[in-house]
Amino acid sequence: MRLIIMGPPGAGKGTQAKFIAEHFAIPAISTGDIFRANVSQGTELGVEAKRYMDAGEYVPDEVTNLMVRNRIDEPDAEPGFLLDGYPRTLAQVEELDGMIKHTGHALDAVVVLTVDQDEVVERLLQRAETDGRADDTADVIRRRQEIYGEETAPLIEVYRDRGLLIEVDGLGEIGDVTQRIFDALDVVPQS
Ligand code: ADP
């Protein structure tokens, strides 16, 4: 099973990714989490990524692509994976196509969580209080939403044209959203 979960900042991708990955017994690969782990360990990659993340900008494609390529080459990702936060640009879509083709597999589905902008700003500001993420400030959230609209939202049409898109309402209780995703995914054949 090879899946992508997409949605604007604060849509709840990470929360839902865990449940989906557990259900299919595949790793949830979050580029944001990998970057944050590198930032806290002070690696070279972390130092580079932090400059962009703190400003709400995307980390350059070359850096992100290489990181994802290495991660999905790990043995645990051989039966499949769920990508959270990747691809985010058209160039990353192409890169991922190459990576998956190389393994002789195909993408099964792309789940998009749809949410109301104002609602998610509230969620993110609340998360700022509990998790203290450096990029959950009002200004940086605005920039992340902007860049999502410019760079990432166009990917939805790309995957819709390929017949892979599953749109799920991301508002409401966490468990209800998970159930909607599972209902929608049951129609997707396993590979
Ligand atoms: P959110 O979806 O809430 O904005 P993430 O945890 O997915 O948060 O990502 C945090 C930050 O990590 C992004 O704002 C960006 O700087 C960087 N990042 C994550 N994934 C990518 C990617 N695929 N391409 C470029 N930058 C990325």
Side-chain angles (χ1 to χ4, degrees), residues 2-18 20-21 27-41 43-72 77 81-100 107 110-156 158-159 168 170-171 174 177:
R2 282 157 190 83
L3 302 169
I4 296 172
I5 187 161
M6 282 181 62
K13 298 183 293 289
T15 306
Q16 297 300 334
K18 286 194 188 71
I20 303 168
I29 300 176
S30 157
T31 44
D33 283 353
I34 302 175
F35 284 134
R36 278 185 290 278
N38 277 275
V39 170
S40 61
Q41 288 157 22
T43 67
E44 207 177 307
L45 174 66
V47 172
E48 161 96 359
K50 189 176 178 355
R51 306 204 324 254
Y52 299 95
M53 294 169 77
D54 284 356
E57 303 295 330
Y58 285 172
V59 177
D61 282 342
E62 315 81 71
V63 177
T64 311
N65 288 334
L66 182 64
M67 183 179 85
V68 172
R69 183 179 291 274
N70 289 336
R71 179 62 189 89
I72 67 177
F81 48 77
L82 167 65
L83 293 171
D84 160 13
Y86 184 93
R88 262 179 152 103
T89 64
L90 289 168
Q92 291 180 9
V93 169
E94 240 178 80
E95 229 7 75
L96 177 65
D97 286 344
M99 292 180 216
I100 296 181
L107 207 52
V110 178
V111 176
V112 178
L113 294 178
T114 57
V115 287
D116 176 81
Q117 294 277 92
D118 295 335
E119 168 87 11
V120 296
V121 173
E122 267 317 301
R123 283 191 196 177
L124 289 169
L125 290 173
Q126 269 172 19
R127 182 172 74 185
E129 285 174 22
T130 51
D131 298 8
R133 249 177 70 168
D135 58 349
D136 282 341
T137 63
D139 281 355
V140 178
I141 291 169
R142 205 168 309 121
R143 180 60 195 142
R144 281 158 59 207
Q145 287 184 323
E146 218 171 63
I147 193 168
Y148 176 85
E150 287 164 10
E151 302 265 353
T152 306
L155 274 51
I156 294 173
V158 171
Y159 288 124
V168 174
L171 287 185
I174 290 174
V177 178

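Numbering of ligands and ligand atoms starts at 1, following listing order.
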To the nearest 0.5 Å, what is the distance between CG (D136) and CG (L124)?
5.0 Å
Strictly by modelled atom types, are T64 and Y58 linked by a side-chain donor-acceptor pair under 3.5 Å?
no
Could you point out which residue of L83, L113, V112, V168 forms a side-chain contact (heavy atoms from CB on, under 4.5 Å) with I5?
L113
Collect the protein residues that have a non-hydrogen atom under 4.0 Å from ligand 1 and hand them over in chain and number order.
P9, G10, K13, T31, G32, F35, R36, M53, E57, Y58, V59, T64, G85, Y86, R88, Q92, R127, R133, D135, R144
For the pair R133 and D131, find out whether any cationic side-chain nitrogen is under 4.0 Å from an anionic carboxylate oxygen.
no
Restricting to pairs with a member in residues 45-68, which pass salt bridge (Lys or Arg N to Asp or Glu O under 4.0 Å), not counting sequence neighbours?
E48-R51, K50-D54, E57-R143
Using modelled atom types and a 3.5 Å cut-off, is there a donor and acceptor pairing between side-chain atoms of T89 and backbone atoms of E151?
no
